[in-house]
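Comments concern the structure below.
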Protein chains: 2
Amino acid sequence: MRVTPQRLAILDALRASRQHPTVEEIHEMVRADHPAISLNTIYKSLDTFEGVGLVHRFVIGDRASYRYDFDTRGHIHHYCRQCGKVSDIHTEDFGAVAESIRGAVPGECLEVDQIDVHLVGLCSECVDARRENA
Amino acid sequence: MRVTPQRLAILDALRASRQHPTVEEIHEMVRADHPAISLNTIYKSLDTFEGVGLVHRFVIGDRASYRYDFDTRGHIHHYCRQCGKVSDIHTEDFGAVAESIRGAVPGECLEVDQIDVHLVGLCSECVDARRENA
DNA sequence: ATATCTGCAAAAGATTTGCAAGGAG
DNA sequence: CTCCTTGCAAATCTTTTGCAGATAT
(Lines give C-alpha, C1' and ligand atoms only; values in the text may rest on other atoms or scores of the structure.)
Protein backbone atom coordinates (compact mmCIF):
# COMPACT_ATOMS: atom_id res chain seq x y z
CA MET A 1 0.00 0.00 0.00
CA ARG A 2 1.44 3.31 -1.09
CA VAL A 3 1.54 6.47 0.92
CA THR A 4 0.34 9.42 -1.11
CA PRO A 5 -0.54 12.98 -0.15
CA GLN A 6 -4.17 12.26 -1.02
CA ARG A 7 -4.35 9.25 1.27
CA LEU A 8 -2.75 11.11 4.13
CA ALA A 9 -5.23 13.93 3.67
CA ILE A 10 -8.15 11.49 3.68
CA LEU A 11 -6.97 9.79 6.84
CA ASP A 12 -6.36 13.15 8.49
CA ALA A 13 -9.81 14.37 7.60
CA LEU A 14 -11.42 11.22 8.91
CA ARG A 15 -9.41 11.30 12.10
CA ALA A 16 -10.31 14.91 12.69
CA SER A 17 -14.02 14.32 12.23
CA ARG A 18 -16.18 12.85 14.92
CA GLN A 19 -19.14 12.89 12.55
CA HIS A 20 -18.82 9.52 10.80
CA PRO A 21 -18.82 11.30 7.47
CA THR A 22 -20.14 9.89 4.23
CA VAL A 23 -17.87 9.68 1.21
CA GLU A 24 -19.28 12.91 -0.12
CA GLU A 25 -18.63 14.67 3.18
CA ILE A 26 -15.06 13.44 3.31
CA HIS A 27 -14.62 14.69 -0.24
CA GLU A 28 -15.74 18.15 0.83
CA MET A 29 -13.39 18.18 3.80
CA VAL A 30 -10.34 17.04 1.87
CA ARG A 31 -10.96 19.49 -0.94
CA ALA A 32 -10.10 22.33 1.39
CA ASP A 33 -6.45 21.33 1.05
CA HIS A 34 -6.56 19.31 -2.17
CA PRO A 35 -8.91 21.12 -4.52
CA ALA A 36 -8.27 18.67 -7.35
CA ILE A 37 -8.89 15.43 -5.48
CA SER A 38 -11.54 13.29 -7.10
CA LEU A 39 -14.47 11.56 -5.47
CA ASN A 40 -13.20 8.36 -6.99
CA THR A 41 -9.96 8.62 -5.07
CA ILE A 42 -11.93 8.96 -1.86
CA TYR A 43 -13.91 5.83 -2.66
CA LYS A 44 -10.88 3.78 -3.62
CA SER A 45 -8.68 4.92 -0.78
CA LEU A 46 -11.30 4.28 1.85
CA ASP A 47 -11.95 0.88 0.36
CA THR A 48 -8.26 0.11 0.61
CA PHE A 49 -8.11 1.36 4.18
CA GLU A 50 -11.03 -0.78 5.14
CA GLY A 51 -9.37 -3.80 3.57
CA VAL A 52 -6.41 -3.48 5.92
CA GLY A 53 -8.53 -2.65 8.94
CA LEU A 54 -7.49 0.99 9.25
CA VAL A 55 -11.04 2.28 9.21
CA HIS A 56 -14.53 0.92 9.75
CA ARG A 57 -17.33 1.20 7.22
CA PHE A 58 -21.01 0.99 8.04
CA VAL A 59 -24.47 2.07 7.03
CA ILE A 60 -26.95 3.33 9.58
CA GLY A 61 -30.46 4.76 9.71
CA ASP A 62 -32.52 5.48 6.65
CA ARG A 63 -29.66 6.88 4.65
CA ALA A 64 -28.22 4.12 2.47
CA SER A 65 -24.77 5.67 2.13
CA TYR A 66 -21.49 4.43 3.41
CA ARG A 67 -20.14 6.11 6.47
CA TYR A 68 -16.61 5.79 7.74
CA ASP A 69 -15.18 5.75 11.21
CA PHE A 70 -11.54 6.23 12.07
CA ASP A 71 -12.12 4.52 15.38
CA THR A 72 -12.11 0.77 14.86
CA ARG A 73 -12.50 -0.19 18.50
CA GLY A 74 -15.84 -1.73 19.31
CA HIS A 75 -18.46 0.83 20.19
CA ILE A 76 -22.11 1.63 19.69
CA HIS A 77 -23.50 4.03 17.09
CA HIS A 78 -26.62 6.10 17.58
CA TYR A 79 -28.58 7.55 14.68
CA CYS A 80 -30.96 10.47 15.24
CA ARG A 81 -34.02 10.02 13.05
CA GLN A 82 -34.78 13.72 13.45
CA CYS A 83 -31.55 15.44 12.43
CA GLY A 84 -29.63 12.49 10.98
CA LYS A 85 -26.63 12.89 13.23
CA VAL A 86 -24.60 9.79 14.03
CA SER A 87 -22.90 9.70 17.39
CA ASP A 88 -20.60 7.33 19.19
CA ILE A 89 -21.55 5.73 22.42
CA HIS A 90 -18.31 4.81 24.06
CA THR A 91 -18.93 2.61 26.96
CA GLU A 92 -16.32 1.31 29.33
CA ASP A 93 -17.93 -1.98 28.88
CA PHE A 94 -18.45 -2.73 25.22
CA GLY A 95 -16.75 -6.01 26.03
CA ALA A 96 -19.72 -7.04 28.12
CA VAL A 97 -22.12 -6.12 25.35
CA ALA A 98 -20.07 -8.09 22.80
CA GLU A 99 -19.95 -10.98 25.22
CA SER A 100 -23.69 -10.97 25.64
CA ILE A 101 -24.19 -10.89 21.87
CA ARG A 102 -21.76 -13.71 21.25
CA GLY A 103 -23.53 -15.68 23.94
CA ALA A 104 -26.78 -15.39 21.99
CA VAL A 105 -25.23 -16.84 18.83
CA PRO A 106 -25.77 -20.61 18.57
CA GLY A 107 -22.04 -20.88 17.85
CA GLU A 108 -19.77 -23.43 16.17
CA CYS A 109 -21.59 -23.37 12.81
CA LEU A 110 -21.06 -19.74 11.86
CA GLU A 111 -18.23 -17.29 12.19
CA VAL A 112 -18.40 -13.75 13.54
CA ASP A 113 -15.65 -11.26 12.69
CA GLN A 114 -17.40 -8.04 13.41
CA ILE A 115 -20.20 -6.81 15.61
CA ASP A 116 -22.15 -3.65 14.85
CA VAL A 117 -24.68 -2.24 17.27
CA HIS A 118 -26.88 0.49 15.85
CA LEU A 119 -29.40 2.44 17.84
CA VAL A 120 -32.07 4.61 16.27
CA GLY A 121 -33.85 7.32 18.17
CA LEU A 122 -33.35 10.97 19.04
CA CYS A 123 -30.10 12.69 19.94
CA SER A 124 -29.89 14.85 23.03
CA GLU A 125 -30.25 18.10 21.06
CA CYS A 126 -33.44 16.89 19.41
CA VAL A 127 -34.83 15.63 22.70
CA ASP A 128 -34.15 19.08 24.19
CA ALA A 129 -35.74 20.83 21.23
CA ARG A 130 -38.86 18.75 21.59
CA ARG A 131 -39.03 19.45 25.30
CA GLU A 132 -38.87 23.21 24.67
CA ASN A 133 -41.69 23.06 22.14
CA ALA A 134 -43.90 21.16 24.52
CA MET B 1 -54.07 2.83 4.63
CA ARG B 2 -55.77 1.06 1.75
CA VAL B 3 -55.72 -2.63 1.12
CA THR B 4 -54.87 -3.41 -2.50
CA PRO B 5 -54.00 -6.65 -4.24
CA GLN B 6 -50.48 -5.35 -4.79
CA ARG B 7 -49.95 -4.63 -1.12
CA LEU B 8 -51.28 -7.99 -0.10
CA ALA B 9 -48.96 -9.66 -2.58
CA ILE B 10 -45.97 -7.72 -1.27
CA LEU B 11 -46.72 -8.62 2.32
CA ASP B 12 -47.27 -12.24 1.37
CA ALA B 13 -43.99 -12.40 -0.50
CA LEU B 14 -42.12 -10.84 2.38
CA ARG B 15 -43.74 -13.14 4.91
CA ALA B 16 -42.92 -16.18 2.82
CA SER B 17 -39.27 -15.24 2.46
CA ARG B 18 -36.75 -15.84 5.18
CA GLN B 19 -34.08 -14.17 3.07
CA HIS B 20 -34.47 -10.51 4.07
CA PRO B 21 -34.93 -9.60 0.46
CA THR B 22 -33.94 -6.32 -1.15
CA VAL B 23 -36.54 -4.24 -2.98
CA GLU B 24 -35.41 -5.70 -6.28
CA GLU B 25 -35.77 -9.23 -4.95
CA ILE B 26 -39.25 -8.57 -3.64
CA HIS B 27 -40.14 -7.15 -7.03
CA GLU B 28 -39.04 -10.39 -8.69
CA MET B 29 -41.04 -12.50 -6.27
CA VAL B 30 -44.23 -10.52 -6.57
CA ARG B 31 -44.03 -10.42 -10.34
CA ALA B 32 -44.74 -14.15 -10.44
CA ASP B 33 -48.38 -13.37 -9.63
CA HIS B 34 -48.55 -9.70 -10.64
CA PRO B 35 -46.55 -9.37 -13.84
CA ALA B 36 -47.39 -5.69 -14.20
CA ILE B 37 -46.45 -4.49 -10.74
CA SER B 38 -43.92 -1.70 -10.77
CA LEU B 39 -40.75 -1.35 -8.75
CA ASN B 40 -42.04 1.98 -7.59
CA THR B 41 -45.05 0.37 -5.97
CA ILE B 42 -42.75 -1.94 -4.06
CA TYR B 43 -40.75 1.02 -2.80
CA LYS B 44 -43.78 3.02 -1.79
CA SER B 45 -45.68 0.18 -0.21
CA LEU B 46 -42.75 -0.98 1.86
CA ASP B 47 -42.15 2.56 2.96
CA THR B 48 -45.75 2.80 4.07
CA PHE B 49 -45.53 -0.52 5.87
CA GLU B 50 -42.43 0.58 7.69
CA GLY B 51 -44.15 3.77 8.73
CA VAL B 52 -46.82 1.84 10.58
CA GLY B 53 -44.40 -0.71 12.01
CA LEU B 54 -45.55 -3.65 9.93
CA VAL B 55 -42.07 -4.42 8.62
CA HIS B 56 -38.49 -3.62 9.55
CA ARG B 57 -36.01 -1.99 7.18
CA PHE B 58 -32.25 -2.21 7.50
CA VAL B 59 -28.99 -2.17 5.61
CA ILE B 60 -26.28 -4.69 6.34
CA GLY B 61 -22.88 -5.70 5.05
CA ASP B 62 -21.22 -4.10 2.06
CA ARG B 63 -24.35 -3.94 -0.05
CA ALA B 64 -25.89 -0.49 0.27
CA SER B 65 -29.44 -1.60 -0.45
CA TYR B 66 -32.47 -1.65 1.74
CA ARG B 67 -33.53 -5.01 3.03
CA TYR B 68 -36.88 -5.77 4.58
CA ASP B 69 -37.90 -8.14 7.30
CA PHE B 70 -41.42 -9.24 8.05
CA ASP B 71 -40.38 -10.16 11.54
CA THR B 72 -40.29 -7.05 13.69
CA ARG B 73 -39.43 -8.74 16.94
CA GLY B 74 -35.95 -7.98 18.18
CA HIS B 75 -33.36 -10.36 16.82
CA ILE B 76 -29.83 -10.44 15.48
CA HIS B 77 -28.86 -10.41 11.81
CA HIS B 78 -25.80 -12.12 10.41
CA TYR B 79 -24.26 -11.17 7.07
CA CYS B 80 -21.98 -13.58 5.25
CA ARG B 81 -19.18 -11.66 3.57
CA GLN B 82 -18.53 -14.62 1.30
CA CYS B 83 -21.95 -15.36 -0.21
CA GLY B 84 -23.89 -12.30 0.93
CA LYS B 85 -26.62 -14.26 2.68
CA VAL B 86 -28.40 -12.59 5.57
CA SER B 87 -29.68 -14.85 8.29
CA ASP B 88 -31.65 -14.40 11.46
CA ILE B 89 -30.25 -15.34 14.78
CA HIS B 90 -33.23 -15.91 16.97
CA THR B 91 -32.17 -16.21 20.49
CA GLU B 92 -34.43 -17.00 23.41
CA ASP B 93 -32.78 -14.19 25.12
CA PHE B 94 -32.63 -11.15 22.91
CA GLY B 95 -34.05 -9.34 25.91
CA ALA B 96 -30.82 -9.88 27.78
CA VAL B 97 -28.80 -8.56 24.85
CA ALA B 98 -31.03 -5.50 24.57
CA GLU B 99 -30.74 -5.01 28.29
CA SER B 100 -26.97 -5.13 28.15
CA ILE B 101 -26.94 -2.62 25.30
CA ARG B 102 -29.28 -0.22 27.03
CA GLY B 103 -27.13 -0.51 30.11
CA ALA B 104 -24.15 0.72 28.12
CA VAL B 105 -25.97 3.88 26.98
CA PRO B 106 -25.29 6.84 29.28
CA GLY B 107 -29.04 7.38 29.38
CA GLU B 108 -31.45 10.28 30.05
CA CYS B 109 -29.99 12.58 27.38
CA LEU B 110 -30.80 10.53 24.31
CA GLU B 111 -33.68 8.37 23.23
CA VAL B 112 -33.54 4.85 21.81
CA ASP B 113 -36.49 3.47 19.84
CA GLN B 114 -34.81 0.68 18.00
CA ILE B 115 -31.82 -1.59 18.43
CA ASP B 116 -30.11 -3.31 15.51
CA VAL B 117 -27.38 -5.86 16.04
CA HIS B 118 -25.49 -6.80 12.88
CA LEU B 119 -22.85 -9.48 12.74
CA VAL B 120 -20.49 -9.91 9.81
CA GLY B 121 -18.61 -13.11 9.17
CA LEU B 122 -19.16 -16.42 7.41
CA CYS B 123 -22.36 -18.42 7.29
CA SER B 124 -22.30 -22.12 8.12
CA GLU B 125 -22.31 -23.17 4.44
CA CYS B 126 -19.28 -21.01 3.66
CA VAL B 127 -17.48 -22.24 6.77
CA ASP B 128 -18.10 -25.82 5.63
CA ALA B 129 -16.96 -25.03 2.09
CA ARG B 130 -13.74 -23.59 3.36
CA ARG B 131 -13.15 -26.60 5.60
CA GLU B 132 -13.53 -28.95 2.62
CA ASN B 133 -11.03 -27.01 0.54
CA ALA B 134 -8.47 -27.08 3.31
C1' DA C 1 11.61 0.61 -13.72
C1' DT C 2 7.24 -0.76 -12.63
C1' DA C 3 3.26 -1.67 -10.34
C1' DT C 4 0.11 1.17 -7.96
C1' DC C 5 -2.55 5.28 -7.58
C1' DT C 6 -5.01 9.36 -9.39
C1' DG C 7 -8.37 11.87 -12.04
C1' DC C 8 -11.68 12.03 -15.55
C1' DA C 9 -15.59 10.25 -17.78
C1' DA C 10 -18.97 7.05 -18.38
C1' DA C 11 -21.65 3.25 -16.76
C1' DA C 12 -24.21 0.85 -13.48
C1' DG C 13 -27.11 0.56 -9.54
C1' DA C 14 -30.49 2.34 -6.15
C1' DT C 15 -33.98 5.49 -4.73
C1' DT C 16 -37.08 9.44 -5.30
C1' DT C 17 -40.21 12.54 -7.69
C1' DG C 18 -44.03 14.10 -10.80
C1' DC C 19 -48.01 13.14 -12.94
C1' DA C 20 -52.13 11.06 -15.20
C1' DA C 21 -55.13 7.15 -14.96
C1' DG C 22 -57.26 3.63 -11.98
C1' DG C 23 -59.46 1.67 -7.94
C1' DA C 24 -60.58 1.24 -2.76
C1' DG C 25 -63.39 3.06 0.70
C1' DC D 1 -67.35 10.55 -5.32
C1' DT D 2 -63.02 11.40 -3.47
C1' DC D 3 -58.62 10.58 -2.16
C1' DC D 4 -55.09 7.22 -2.07
C1' DT D 5 -52.54 4.17 -4.92
C1' DT D 6 -50.50 2.52 -9.15
C1' DG D 7 -47.51 2.53 -13.13
C1' DC D 8 -44.65 4.89 -16.17
C1' DA D 9 -40.90 7.93 -17.09
C1' DA D 10 -37.50 10.88 -15.81
C1' DA D 11 -34.55 12.79 -12.41
C1' DT D 12 -31.44 12.30 -8.64
C1' DC D 13 -28.11 10.23 -5.89
C1' DT D 14 -24.52 6.77 -4.88
C1' DT D 15 -21.08 3.59 -6.20
C1' DT D 16 -18.27 1.09 -9.61
C1' DT D 17 -15.57 0.51 -13.80
C1' DG D 18 -12.18 1.56 -17.57
C1' DC D 19 -8.45 3.83 -18.97
C1' DA D 20 -4.42 7.03 -19.73
C1' DG D 21 -1.13 9.65 -17.37
C1' DA D 22 1.35 10.49 -12.98
C1' DT D 23 4.03 8.94 -9.00
C1' DA D 24 5.70 6.29 -4.82
C1' DT D 25 8.82 2.75 -3.93
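Below, chains carry the letters A, B, ... as their sequence lines are ordered, and counting in each starts from 1. Small disclaimer: the values here were computed from a predicted structure and weren't measured.
To the nearest angstrom, C1' of dT16(C) lies 13 Å from CG of D62(A). One can place CD of E25(B) at 14 Å from P of dG13(C), the figure rounded to the nearest angstrom. If you take NE2 of H27(B) and C1' of dG7(D), they are 10 Å apart, rounded to a whole angstrom. Between the P atom of dA24(C) and the CG atom of L8(B) lies a distance of 11 Å, rounded to the nearest Å. One interatomic measurement links the two molecules: CZ of F58(A) to P of dT15(D), which rounds to 13 Å at whole-angstrom precision. I42(B) has its CD1 atom 14 Å from the C1' atom of dC8(D), to the nearest Å. K44(A) has its NZ atom 17 Å from the P atom of dA24(D), to the nearest Å. The OH atom of Y43(A) sits 13 Å away from the C1' atom of dA12(C) (whole-angstrom rounding).
One finds no salt bridge joining K44(B) and D47(B) here, because no Lys/Arg side-chain nitrogen approaches an Asp/Glu carboxylate oxygen to under 4.0 Å. Taking the charged nitrogens against the carboxylate oxygens, E28(B) and R31(B) do have a contact shorter than 4.0 Å, which makes a salt bridge.
T22(B) comes within contact range of no nucleotide atom at all, as no heavy-atom separation falls under 4.0 Å. Within 4.0 Å (heavy atoms only), T48(A) reaches no atom of the nucleic acid at all. Nucleic acid contact for Q6(B): sugar-phosphate only, since backbone atoms but no base atoms lie under 4.0 Å from a heavy atom of the residue.
The V3(A) side chain lies nearest to dT25(D) when the options are dT25(D), dG18(C), dG25(C).
OP1 and OP2 of dT5(D) both lie 4.0 Å or more from every side-chain N or O belonging to T4(B). In this model, the phosphate group of dT5(D) is approached by a side-chain N or O of R7(B) to a distance below 4.0 Å at OP1 or OP2. A close approach under 4.0 Å does occur between a side-chain nitrogen or oxygen of R63(A) and OP1 or OP2 of dT14(D). Residue S65(A) has no polar side-chain atom (N or O) positioned under 4.0 Å from OP1 or OP2 of dC13(D). For dC8(D), neither phosphate oxygen OP1 nor OP2 lies less than 4.0 angstrom from any side-chain nitrogen or oxygen of S38(B).
For N40(B) against dT16(C), no side-chain N or O and base N or O form a donor-acceptor pair under 3.5 Å. The base of dC5(C) has none of its N or O atoms less than 3.5 Å from a complementary donor or acceptor on the side chain of R2(A).
Remark: the backbone N or O of T22(B) is paired with a side-chain donor or acceptor of E25(B) at under 3.5 angstrom.
I101(B) places a side-chain heavy atom less than 4.5 Å from the side chain of L119(A).
Taking the six-membered ring where tryptophan is involved, the planes of H56(B) and H77(B) are essentially parallel, since the angle between them stays under 30° and well short of 60°.
In terms of position on DNA chain C, the residue among R57(B) and M1(B) whose nearest nucleotide sits closer to the 5' end is R57(B). If I37(A) and L39(B) are placed on DNA chain C by their nearest nucleotide, the residue sitting closer to the 5' end is I37(A).
The hydrophobic cluster containing V52(B) also contains Y66(B), counting ILVMFWY residues as joined when their side-chain heavy atoms lie under 4.5 angstrom apart, directly or transitively.
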